[in-house]
> 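My questions will all concern the structure given below.
These figures come from a predicted structure and were not determined experimentally.
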Protein chains: 2
Amino acid sequence: MKNTNSKKRVTLKDVAEHAGVSTTTASLVVRNNPRIPQATRERVLNSIEELGYIYDRVAANMRSQSSNLVGVIVTNIANKFISEFLIGAQNKLEEFGYTVLLGTTSDNATKQQNLISTMVEHRIDGLILNPSSISLEKTVKQLNNLKIPLVLANRELYNISADYAGIDYEEGAYLAVTHLAKKGHQRIAFLGGVKESSTWTKRMDGYRKAFKDHNLELEESIIIASDPTSEGGEEAARVLLNSPKPPSAIFCFSDLIAFGVMKVLTKEGIVVGRDVDVVGFDNIPDAENYHPPLTTVSSFPRSIGIQAAKLLHSKIIGESEGLQRMILKPELVIRDTSK
Amino acid sequence: MKNTNSKKRVTLKDVAEHAGVSTTTASLVVRNNPRIPQATRERVLNSIEELGYIYDRVAANMRSQSSNLVGVIVTNIANKFISEFLIGAQNKLEEFGYTVLLGTTSDNATKQQNLISTMVEHRIDGLILNPSSISLEKTVKQLNNLKIPLVLANRELYNISADYAGIDYEEGAYLAVTHLAKKGHQRIAFLGGVKESSTWTKRMDGYRKAFKDHNLELEESIIIASDPTSEGGEEAARVLLNSPKPPSAIFCFSDLIAFGVMKVLTKEGIVVGRDVDVVGFDNIPDAENYHPPLTTVSSFPRSIGIQAAKLLHSKIIGESEGLQRMILKPELVIRDTSK
DNA sequence: CTGAAAGCGCTTACAG
DNA sequence: CTGAAAGCGCTTACAG
């Protein structure tokens with residue numbers, strides 16, 4: 001049943017000899033090539049079974065110059081938006097038959113750089129990159145020189161030509177701020193997020209546009225950036241509360257930020273939804289169950305992941321020409337924090 | 001600066017020729033072998049830069065019979081417990097210098113089987129497997145024959161000899177049920193989870209032990225299994241409510257299950273924490289923010305991930321002998337659902 | 001329909 | 001300290 005001396009790996013050559021065919025034939029059999037007649041095929045399959053042969057994809061890839069490997073690099077799986085995105089991408093990629101190399105950067109530019117290099121050395125067929133807030137110049141250069149298909153996700157990277165899958169952050173921010181303005185709020189803060197990232201500047205564009213459309217005046221002092229985490233939201237909220245006249249409404253960079261912000265407000269005795277309105281961004285599952293349930297911009301991270309995988313696949317098989325952009329439209333989900 | 005005709009990949013041989021050394025020397029340089037003098041090293045590094053050489057890890061792996069790749073297979077990243085586990089494992093593995101191949105099974109035994117096979121074909125150096133609730137016999141056989149290091153995580157697999165990292169589910173269930181019994185509850189349901197999985201039977205063992213220690217009587221009718229999801233919890237709760245005499249307390253397989261259960265109870269006008277006490281398992285971040293905040297058994301998925309990575313690494317480098325088991329102790333976190 | 005031989009890009013003894 | 005040559009396990013023209 002099994003080769004008793006497990007000294008050496010069983011190779012295709014062993015299989016071929018055992019079955020009395022050439023390695024060429026054996027190779028065609030393992031790859032299900034239809035031009036091998038059934039009888040021969042069965043003989044080879046039997047030998048494979050008997051010898052306990054394991055196909056060596058590494059050797060095959062080496063020779064055929066492809067790897068079937070796709071890299072997916074994200075900032076932080078602990079973020080629900082990102083993990084949902086990853087689920088979408090991962091499932092779709094596996095469906096296409098790829099194996100996924102996963103990398104997480106913790107939003108660190110150097111780690112991102114190293115991960116990309118390692119993956120390229122592993123000869124990935126393509127890469128889906130959810131870039132860190134800030135990327136090294138070296139990385140941008142490397143990405144541009146990359147001969148492998150690349151899809152950027154969730155965050156753009158300037159000076160780079162690649163497919164992109166993400167949501168329309170500007171539109172999302174516009175929806176949120178317009179909602180607050182229509183409720184009569186004159187002073188609406190914008191809290192959280194990293195100013196250098198495109199995800200922040202896009203939201204800022206939407207924020208600004210809504211202000212303009214409702215004849216409101218921007219106040220730099222109530223636009224406070226932070227780490228894109230719940231803790232970052234807490235810090236931003238504390239800064240805001242220390243300012244001379246806190247605003248009556250807060251647009252948050254993300255739901256995570258909003259949670260941090262609400263934690264601080266609540267601790268200060270401020271009742272969210274009555275004293276101050278708060279709107280988040282992402283509509284992560286917790287938003288609905290939070291107390292009080294959070295008004296937020298619903299994006300579709302899992303769909304973005306799926307779209308990114310599709311873009312990459314069509315790029316890899318050479319089906320798509322030029323640059324593709326998949327921008328999903330967000331929608332506003334109104335809940336108790338701004339009713 | 002760069003080779004103008006990007007026809008062919010730049011190889012180590014090209015680099016060696018350009019630098020006027022042998023490929024042996026060039027190879028030693030790229031691997032930072034200290035026995036190459038500084039002058040030679042720099043000459044080679046210059047050539048690498050000038051030619052835009054990219055190290056081909058696939059070829060290297062092929063020759064050196066190792067891959068630097070580690071497989072991590074989990075059931076479902078959408079589950080916070082699992083995503084936290086993945087973060088721990090992933091970070092630690094990257095720290096050790098491995099690249100991670102990620103697979104998700106959606107708790108499907110066939111998909112798990114295929115993923116393992118594919119990864120083995122990719123010549124992974126080791127595998128961390130969070131097994132699906134039920135595994136194919138073929139998989140168990142394959143895993144036992146595997147010549148590569150294997151660490152099982154979060155869930156045991158019978159008839160398999162491998163390292164294991166997880167928490168003490170029995171102890172966790174015992175803590176939870178004892179807590180409810182001490183509050184005076186006589187009839188405590190156990191809802192959710194798949195009966196065939198070790199994660200369920202272990203909890204059942206703890207549940208039984210607590211019942212015995214407090215002289216309570218088991219009632220089969222209030223032990224209701226389900227999918228390990230929030231929707232599964234809803235279903236189990238509906239079944240429970242339709243039973244002749246619903247119990248006064250519910251021990252849930254997981255926080256996710258508990259959320260589903262509480263959703264149904266609340267919809268029925270039953271006030272959790274007053275009419276019925278509920279305890280979860282896992283202490284996922286949402287448990288604290290849920291309304292009302294959930295009493296639960298705190299496990300440490302990220303730590304388990306880290307431990308699994310450590311076990312695997314020491315196995316790969318041949319440092320550990322025999323079978324290792326890392327069982328983390330859980331603790332009970334009492335919140336409003338059972339105050 | 002099938003096979004012999006070259007080659008993918010490295011690393012590894014071995015020799016000097 | 002450095003190099004020539006073999007070999008990792010496949011696939012790919014090419015020939016018959």
Side-chain angles (χ1 to χ4, degrees), chain A residues 3 6-45 47-48 51-69 118 120-125 147, chain B residues 3 6-45 47-48 51-69 118 120-125 147:
Chain A
N3 61 329
S6 56
K7 286 274 169 217
K8 281 192 59 176
R9 193 184 179 97
V10 179
T11 70
L12 244 201
K13 201 172 150 218
D14 299 330
V15 170
E17 273 170 16
H18 186 273
V21 298
S22 71
T23 55
T24 308
T25 302
S27 171
L28 293 171
V29 169
V30 295
R31 283 175 295 153
N32 287 316
N33 187 307
R35 80 170 189 255
I36 304 295
Q38 194 56 22
T40 315
R41 169 185 310 279
E42 270 171 19
R43 209 136 44 86
V44 174
L45 291 177
S47 301
I48 285 174
L51 299 177
Y53 169 71
I54 293 173
Y55 182 62
D56 190 331
R57 219 169 266 275
V58 176
N61 293 342
M62 150 114 236
R63 178 58 231 252
S64 62
Q65 301 283 54
S66 86
S67 69
N68 224 28
L69 249 36
T118 304
V120 170
E121 291 179 2
H122 273 293
R123 277 199 188 176
I124 46 173
D125 286 347
K147 278 152 212 151
Chain B
N3 61 329
S6 56
K7 288 272 170 219
K8 283 192 57 175
R9 195 184 177 97
V10 178
T11 70
L12 243 202
K13 201 172 149 220
D14 300 329
V15 170
E17 274 170 16
H18 186 272
V21 298
S22 72
T23 54
T24 308
T25 303
S27 172
L28 292 170
V29 169
V30 293
R31 283 176 295 153
N32 287 316
N33 187 307
R35 80 170 188 254
I36 303 296
Q38 193 57 22
T40 314
R41 169 184 309 280
E42 270 170 19
R43 209 138 43 86
V44 173
L45 290 177
S47 301
I48 285 175
L51 300 177
Y53 169 72
I54 293 173
Y55 182 62
D56 190 331
R57 218 169 267 272
V58 176
N61 292 343
M62 151 113 235
R63 178 58 233 251
S64 61
Q65 301 285 53
S66 87
S67 70
N68 224 28
L69 248 36
T118 303
V120 170
E121 291 180 1
H122 273 293
R123 279 198 187 176
I124 46 173
D125 286 347
K147 278 151 211 151

> Return the nearest nucleotide to the side chain of A:Val21; candidates are D:dG9, C:dT2, C:dG3.
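Selected nucleotide (nearest to the side chain): C:dG3.
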> Which is true for B:Val58 with a 4.0 Å heavy-atom rule: it touches a base, it touches only sugar-phosphate, or it touches nothing?
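Since no nucleic acid heavy atom lies under 4.0 Å of B:Val58, the category is nothing.
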> Considering residues at least two apart in sequence or located in another chain, which fulfil the side chain to side chain donor-acceptor pair (under 3.5 Å) criterion with B:His122?
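Result, side chain to side chain donor-acceptor pair (under 3.5 Å) vs B:His122: none returned.
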> For A:Asp14, check side chain to side chain contact (heavy atoms under 4.5 Å, CB included) against everything at least two apart and list the hits.
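By the side chain to side chain contact (heavy atoms under 4.5 Å, CB included) rule, A:Asp14 matches A:Val10, A:Thr11, A:Leu51.
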> Grab the CD1-C1' distance between A:Ile54 and D:dC8 for me, whole Å please.
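Those two atoms, CD1 and C1', are 16 Å apart.
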> Is B:Arg41 touching bases, backbone alone, or none of the nucleic acid, heavy atoms closer than 4.0 Å?
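Counting heavy atoms under 4.0 Å across all strands, no contact is made by B:Arg41.
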> Does OP1 or OP2 of C:dG7 have a side-chain N or O of A:Gln65 closer than 4.0 Å?
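No, outside the criterion.
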> What residues form a side chain to side chain donor-acceptor pair (under 3.5 Å) with A:Ser66, not counting sequence neighbours?
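Not a single residue meets the side chain to side chain donor-acceptor pair (under 3.5 Å) criterion with A:Ser66.
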> Restricting to salt bridge (Lys or Arg N to Asp or Glu O under 4.0 Å), what partner residues turn up for A:Arg43, sequence neighbours left out?
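Result, salt bridge (Lys or Arg N to Asp or Glu O under 4.0 Å) vs A:Arg43: none returned.
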> Would you please name every residue forming a salt bridge (Lys or Arg N to Asp or Glu O under 4.0 Å) with A:Arg57, sequence neighbours left out?
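Only B:Glu121 meet the salt bridge (Lys or Arg N to Asp or Glu O under 4.0 Å) criterion with A:Arg57.
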> Within residues 11-18 of chain B, which residues have any heavy atom lying less than 4.0 Å from an atom of DNA chain C?
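Per residue number, the list reads B:Thr11, B:Leu12.
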> Applying side chain to side chain contact (heavy atoms under 4.5 Å, CB included), can you list everything that pairs with A:Gln38, at least two apart in sequence or on another chain?
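A:Gln38 satisfies side chain to side chain contact (heavy atoms under 4.5 Å, CB included) with A:Arg41, A:Glu42 only.
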> If the condition is side chain to side chain donor-acceptor pair (under 3.5 Å), which residues does A:Arg31 pass it with, not counting sequence neighbours?
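With neighbours one apart ignored, the set is A:Ser27.
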> Quick one: which protein N/O atoms are closer than 3.5 Å to N/O atoms of nucleotides 12-16 of chain C? Pair and distance per line, please.
| residue | atom | partner | partner atom | Å |
| --- | --- | --- | --- | --- |
| C:dT12 | OP2 | B:Arg31 | NH1 | 3.0 |
| C:dT12 | O4' | B:Arg63 | NH2 | 3.3 |
| C:dT12 | O4 | B:Thr24 | OG1 | 3.4 |

> With pairs taken as Watson-Crick or G-U wobble and both distances under 3.5 angstrom, which stems of at least three consecutive pairs involve DNA chain D?
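As far as DNA chain D goes, consecutive pairing (with distances under 3.5 Å) yields the stems C:1-3 with D:14-16, C:5-12 with D:5-12, C:14-16 with D:1-3.
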> Using a cut-off of less than 4.0 Å, is there contact between a side-chain N or O of A:Thr25 and OP1 or OP2 of C:dT2?
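Checking C:dT2 against A:Thr25, no side-chain N or O comes under 4.0 Å of OP1 or OP2.
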> Could you pull out all residues at least two apart from A:Ala59 that satisfy side chain to side chain contact (heavy atoms under 4.5 Å, CB included)?
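Side chain to side chain contact (heavy atoms under 4.5 Å, CB included) check on A:Ala59 returns A:Asp56, B:Met62.
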> Can you name the side chain to side chain contact (heavy atoms under 4.5 Å, CB included) partners of A:Ala60, sequence neighbours left out?
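With sequence neighbours excluded, A:Ala60 shows a side chain to side chain contact (heavy atoms under 4.5 Å, CB included) to A:Tyr55, given in chain and number order.
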> Roughly, in whole Å, what's the span from CD in B:Glu121 to C1' in D:dG9?
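Distance, rounded to whole Å: 13 Å.
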> If I take atom OH in residue A:Tyr53 and atom P in nucleotide D:dG9, what distance separates them, rounded to the nearest angstrom?
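Rounded to whole Å, this separation is 10 Å.
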> Rounded off to whole Å, could you give me the CZ-to-P distance for the B:Arg123 and D:dC10 pair?
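These atoms are roughly 8 Å apart.
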> Can you name the nearest heavy-atom pair linking A:Asp125 to A:Ser67, along with the distance?
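For A:Asp125 versus A:Ser67, the nearest heavy atoms are OD1-N, 3.0 Å.
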